[in-house]
Student: 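The structure that follows is given in the form of structure tokens.
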Amino acid sequence: MGMKVLIVGGGGREHALAWKIAQSPLVEKLYCAPGNAGIADLAECVAMGAEDLPALRDFAVEHQIDLTVVGPEVPLTLGITDLFQASGLQVFGPSKAAAEIEGSKAFMKGLFAKYNIPTAEFKPFTNPDEAKAYVQEKGAPIVVKTSGLAAGKGAIVCQSIEEANAAIDQVMVERAFGEAGDTVIVEEFLTGEEASFIALVDGENILPLAGSQDHKAVGEGDTGLNTGGMGAYSPAPVLTEELSAKAMEMVMKPTVRAMAAEGRPYRGVLYAGLMIDHGRIKTLEFNARFGDPETQPILYRMKSDIVPLLMASANGSLEGATVTWDPRTSLCVVLAAGGYPGSYVKGAAISGLDRAAQVEDAFVFHAGTKLDGPQTVTSGGRVLGVTALGKSAKEAQQRAYQAVDAIEWKDLYCRRDIGYRAVKREES
Ligand code: AMP
Ligand code: GLY
């Protein structure tokens with residue numbers, strides 16, 4: 001009997017997971033809650049919110065789900081893993097206590113300090129006047145962050161003391177992110193190039209996946225507001241073999257050991273956002289889940305069956321596990337609704353998906369889409385993740401944009417420069 005698998009979530013990351021999991025010969029039936037129009041081609045979509053934990057648990061019990069794979073951070077920080085395990089269900093993802101590494105930056109930074117994990121110099125505050133006095137003492141540029149989850153918008157890079165004071169007011173006094181901003185972290189501004197180091201962890205053993213780089217800012221050349229991510233590619237040439245080894249020794253291994261020592265053994269995806277500057281590594285953040293959009297290009301070049309790896313992470317048997325990769329570069333361009341990350345319109349009819357599907361070595365992952373009768377329409381800020389493989393970053397980029405150019409809707413917006421750092425490196 002094959003396995004029954006449930007994916008929780010409905011974005012681009014979950015479409016990539018569904019695409020990869022559906023290819024596993026171990027899997028007989030795939031469900032996704034709530035899914036999207038693209039996932040509906042691969043899985044049975046179930047109309048339940050990713051944060052409706054009791055309904056998800058009841059569904060998993062009733063349908064005898066063998067493995068639940070959790071995409072987004074919120075159900076993890078709410079304790080979906082603990083709840084499912086209490087009903088005897090197997091879950092890929094950290095416990096509530098372990099997911100605090102993403103859910104509370106104050107916890108994460110405290111862990112870094114206690115275990116000497118390299119990160120930006122920082123101080124946590126619950127009082128806005130004290131936070132402002134610290135800003136005054138340190139000077140600008142400086143970074144103000146909510147300790148709690150703020151959907152990727154909680155880190156505010158401030159160029160002046162005035163901007164930092166305004167950010168502190170916005171977060172702590174006006175409470176723009178609610179209780180997520182009750183504690184803020186004020187930290188040193190770091191320069192360098194960012195990379196995403198994503199690994200599977202089983203409590204003890206760490207299996208690094210291919211490196212990647214995200215493009216967080218909405219505008220070309222990394223300008224404008226931060227978003228969830230406007231595109232990503234893998235591998236990331238900035239993460240050389242030497243730097244990856246250094247990240248394992250200085251960041252990943254000490255963190256996994258620290259979490260075990262703190263009585264919060266870590267299982268699931270451990271995603272380190274790294275800042276790399278002249279060979280020096282500092283950790284910007286940890287996420288307790290797969291990156292979005294990084295997962296799209298990473299899984300598009302993963303050759304191994306992912307299901308045994310997810311199972312091994314969940315049941316503590318990752319030791320000795322390996323993973324093989326397509327040697328080519330994979331690159332994902334996010335197509336967003338105009339206005340994102342601010343307000344935007346939903347419900348626009350998307351055309352050209354058939355033509356895009358004909359581009360060789362390319363795939364269109366859906367994020368915020370849904371079916372309106374036979375028509376696929378937009379239903380979120382990030383709508384599609386057009387992903388392609390190429391022998392070089394340049395070729396992957398050209399192929400991805402070839403597929404992008406087949407797609408249309410009113411107000412479509414995308415960056416035209418995804419992968420520019422890798423392309424520049426190839427040219428130099
Ligand atoms: P975070 O949510 O902490 O990953 O921050 C989101 C983004 O803000 C990061 O990907 C960086 O681009 C930027 N950022 C966060 N912290 C810093 C820092 N200390 N120095 C420079 N940029 C930062
Ligand atoms: N792409 C950044 C993230 O998933 O947090």
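Both ligands and their constituent atoms are indexed starting at 1 by order of listing.
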Student: For residues Phe286 and Phe112, establish whether the separation of their ring centroids is below 6.0 Å.
Tutor: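 Judged by ring-centre distance (under 6.0 Å), Phe286 and Phe112 do meet the cut-off.
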Student: For ligand 2, which atoms sit closer than 4.0 Å to a heavy atom of Asp214?
Tutor: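 With Asp214 as reference, the close atoms of ligand 2 come out as 1 (N), 2 (C).
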Student: Quick test: of every protein heavy atom, which one is nearest to atom 17 (C) of ligand 1, and how far off is it to 0.1 Å?
Tutor: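 For atom 17 (C) of ligand 1, the nearest protein heavy atom is Leu284 CD2, 3.5 Å.
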Student: So is Gly229 close enough to ligand 2, meaning a heavy atom under 4.0 angstrom away?
Tutor: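 No.
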Student: Does an N or O from Glu294, backbone or side chain, lie closer than 3.5 Å to an N or O of ligand 2?
Tutor: yes
Student: Within ligand 2, which atoms have a heavy atom of Pro293 less than 4.0 Å away?
Tutor: 1 (N)
Student: Is a side-chain donor or acceptor of Glu426 paired with a backbone partner of Lys394 at a separation under 3.5 angstrom?
Tutor: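 Yes; at least one donor-acceptor contact below 3.5 Å.
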Student: So, does Arg415 use its side chain to make a donor-acceptor pair with the main chain of Ala217 at under 3.5 Å?
Tutor: yes
Student: Identify the protein heavy atom lying closest to atom 3 (O) of ligand 1, giving its residue, its atom name and the separation to 0.1 Å.
Tutor: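 Closest protein heavy atom to atom 3 (O) of ligand 1: Lys145 NZ, 2.8 Å.
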Student: Under 4.0 Å from a heavy atom of Lys216: which atoms of ligand 1 are those, numbered in the order shown and with their elements?
Tutor: 10 (O)
Student: Any idea which protein heavy atom is nearest atom 5 (O) of ligand 1, and the distance to it?
Tutor: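 That would be Ala155 CB, 3.3 Å.
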Student: Report, in ascending order of atom number, the atoms of ligand 1 lying under 4.0 Å from any heavy atom of Val143.
Tutor: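 Ligand 1 atoms under the 4.0 Å threshold to Val143: 16 (N), 17 (C), 18 (C), 19 (N), 20 (N).
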Student: Relative to the heavy atoms of Asn287, which atoms of ligand 2 are at a distance of less than 4.0 Å?
Tutor: 5 (O)
Student: Are a donor atom and an acceptor atom from the side chains of Ser95 and Asp82 found within less than 3.5 Å of each other?
Tutor: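 Ser95 vs Asp82: no donor-acceptor pair found between side chains.
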Student: Have a look at ligand 1 and work out which part of Asn226, if any, has a heavy atom under 4.0 Å from it: side chain, backbone, both or neither.
Tutor: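 Under 4.0 Å from ligand 1, Asn226 contributes side-chain atoms alone.
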Student: Side chain to side chain donor-acceptor pair (under 3.5 Å) with Asp277: which residues, sequence neighbours excluded?
Tutor: Thr191
Student: Under 4.0 Å from a heavy atom of Arg289: give me the atoms of ligand 2 that qualify, with their elements.
Tutor: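 The list of qualifying atoms is 3 (C), 4 (O), 5 (O).
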Student: Which of the numbered atoms in ligand 1 are below 4.0 angstrom from a heavy atom of Glu187?
Tutor: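 Matching atoms, with element in brackets: 16 (N), 17 (C), 18 (C), 19 (N).
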Student: Name the orientation class of the two ring planes belonging to Tyr134 and Phe125 (parallel below 30°, tilted from 30 to 60°, perpendicular beyond 60°).
Tutor: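 Tyr134 vs Phe125 ring planes: tilted.
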Student: Given that the side chain starts at C-beta and the backbone is N, CA, C, O, which of these parts of Arg13 lies under 4.0 Å from ligand 2, counting heavy atoms, or is it both or neither?
Tutor: neither
Student: Short list, please: which atoms of ligand 2 are under 4.0 Å from a heavy atom of Gly291?
Tutor: 4 (O)
Student: Report, in ascending order of atom number, the atoms of ligand 1 lying under 4.0 Å from any heavy atom of Phe189.
Tutor: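 Listed by number with element: 20 (N), 21 (C).
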Student: Quick one: do the Ser304 and Thr324 side chains pair a donor with an acceptor below 3.5 Å?
Tutor: yes
Student: Could you find the nearest protein heavy atom to atom 21 (C) of ligand 1 and give me its residue, atom name and distance?
Tutor: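 Protein heavy atom with the smallest distance to atom 21 (C) of ligand 1: Leu190 O, 3.2 Å.
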Student: Is the closest heavy-atom distance from Lys282 to ligand 1 below 4.0 Å?
Tutor: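 It does not, in that no heavy atom of Lys282 comes within the 4.0 Å cut-off of ligand 1.
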Student: Please check if the side chain of Ser234 supplies one atom and the backbone of Ser212 the other of a donor-acceptor pair under 3.5 Å.
Tutor: no
Student: Under 4.0 Å from ligand 1, counting heavy atoms only, is it the side chain of Glu188, its backbone, both or neither?
Tutor: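 Backbone only; the side chain of Glu188 stays clear of ligand 1.
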Student: Can you name the nearest heavy-atom pair linking Thr387 to Phe365, along with the distance?
Tutor: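 Nearest pair, atom of Thr387 first, then Phe365: OG1-CD1, 3.4 Å.
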Student: Within a distance under 4.0 Å of any heavy atom of Gly228, pick out the atoms of ligand 2 and give their elements.
Tutor: 1 (N), 2 (C)
Student: Quick one: look up the protein heavy atom nearest atom 13 (C) of ligand 1 and list residue, atom name and how far away it is.
Tutor: Val157 CG2, 4.1 Å
Student: Out of Lys282, Lys138, Lys145, which one pairs with Glu187 under the salt bridge (charged side-chain N to carboxylate O under 4.0 Å, His left out) rule?
Tutor: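 Among Lys282, Lys138, Lys145, the one meeting salt bridge (charged side-chain N to carboxylate O under 4.0 Å, His left out) with Glu187 is Lys145.
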Student: Determine yes or no for a side-chain-to-main-chain donor-acceptor pair under 3.5 angstrom, with Arg13 supplying the side chain and Thr295 the backbone.
Tutor: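 Not at all, since once roles are kept as given, no pair shorter than 3.5 Å links the two residues.
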Student: Just checking, any donor-acceptor pair under 3.5 angstrom between side chains of Tyr115 and Glu262?
Tutor: yes
Student: Angle class for the Phe363/Trp19 ring planes (parallel below 30°, perpendicular above 60°, tilted otherwise)?
Tutor: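 Taking Trp19 first and then Phe363, their aromatic rings sit tilted (interplane angle of 30° to 60°).
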Student: If you have a sec, work out which protein heavy atom is nearest atom 11 (C) of ligand 1 and how many Å separate them, to one decimal?
Tutor: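 Answer for atom 11 (C) of ligand 1: Glu194 OE2, 3.0 Å.
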